[in-house]
Amino acid sequence: MLPTISGEFGVVKEPEIKFTDKGAAWAKIRCSAKDRKRDAQGNWTDADPLYINIVVGNGAENLVESVLPGDSIIVTGRLKMREYEVDGQKKQEYQIAADTVGVSMRWNTAKTPRMIESQSSITSAVAVATDAFDATEIPF
């Protein structure tokens with residue numbers, strides 16, 4: 001059984017969406033993770049980043065619409081190793097087959113379509129109430 005991994009990753013490249021022969025969408029995102037370490041003087045510094053691809057099946061279209069380079073995402077999935085060949089040389093890379101992906105709220109806010117719709121409704125309701133209170137006649 002493959003190990004489950006979860007963590008926060010920084011998106012470093014626009015997500016790529018692709019489709020299988022049967023039309024199912026999947027996306028790949030290039031991300032980085034950094035650790036912090038203390039130097040000889042006791043100051044905290046960023047360690048070298050670890051770059052990893054995150055592959056998403058279910059929700060691929062939502063992900064591509066929601067995430068941009070510079071965003072932080074929270075990922076839970078299975079760690080896999082992929083082997084491939086380039087110019088006759090065998091290479092390997094680790095990737096995470098994501099079960100869930102969410103936008104991290106640590107450094108930014110995220111606006112979901114439901115939130116945007118809700119804010120629009122609230123703005124309309126406030127405008128109606130303001131008009132009603134400014135009216136010279138009672139509106140009912």
| said: If I take atom NZ from residue Lys28 and atom NZ from residue Lys18, how far apart are they, to the nearest 0.5 angstrom? | reply: 5.5 Å
| request: In sequence, state the C-alpha distance, the side-chain angles, and the governing distance for Val11 and Ile73, and then conclude on side chain to side chain contact (heavy atoms under 4.5 Å, CB included). | output: CA-CA 7 Å; Val11 177; Ile73 58 174; 4.0 Å; yes
| query | Does one hydrophobic cluster hold both Phe9 and Met81, with members joined at side-chain heavy-atom distances below 4.5 Å? | reply | yes
| task | Apply the test side chain to side chain contact (heavy atoms under 4.5 Å, CB included) to residues Tyr94 and Lys80: give CA-CA distance (whole Å), side-chain angles for both, the deciding distance (0.1 Å), then the verdict. | result | CA-CA 6 Å; Tyr94 289 95; Lys80 291 184 168 189; over 6 Å; no
| task | Answer whether the closest heavy-atom distance between the side chains of Trp26 and Ile17 falls below 4.5 Å. | result | no
| Note, Arg78 side chain near Ile96 side chain (heavy atom, < 4.5 Å) | no
| query | Are Arg36 and Thr45 side-chain neighbours, meaning at least one heavy-atom pair lies under 4.5 Å? | reply | no
| said: Nearest 0.5 angstrom please: Glu8 CD to Cys31 SG, how far? | reply: 10.5 Å
| query | Taking 4.0 angstrom as the limit, do Lys91 and Glu93 come out as a salt bridge? | reply | no
| request: Look only at the side chain of Asp39 and the backbone of Gln41, and say whether a donor-acceptor pair between them is shorter than 3.5 Å. | output: yes
| query | Going hydrophobic residue to hydrophobic residue with side-chain gaps under 4.5 angstrom, can you get from Phe19 over to Val64? | reply | yes
| field | From Val103, Val56, Asn58, residue fulfilling side chain to side chain contact (heavy atoms under 4.5 Å, CB included) relative to Leu63 | value | Val56
| Distance (rounded to the nearest 0.5 Å) between Glu85 CD and Lys90 NZ | 6.5 Å
| Pro69 vs Glu14 side-chain heavy atoms within contact, under 4.5 Å | yes
| said: Main chain of Gly59, side chain of Asn62: is a donor-acceptor contact present, judged purely on distance under 3.5 Å? | reply: no
| field | Passing option when Gln95 is tested against Leu79, Ile54, Asn53 for side chain to side chain contact (heavy atoms under 4.5 Å, CB included) | value | Asn53
| query | Could you walk me through whether Thr76 and Thr4 pass the side chain to side chain contact (heavy atoms under 4.5 Å, CB included) check? | reply | CA-CA 7 Å; Thr76 300; Thr4 298; 4.0 Å; yes
| task | Any chance you could lay out the side chain to side chain contact (heavy atoms under 4.5 Å, CB included) test for Val12 and Tyr51, step after step, and finish with the verdict? | result | CA-CA 9 Å; Val12 297; Tyr51 293 98; 4.3 Å; yes
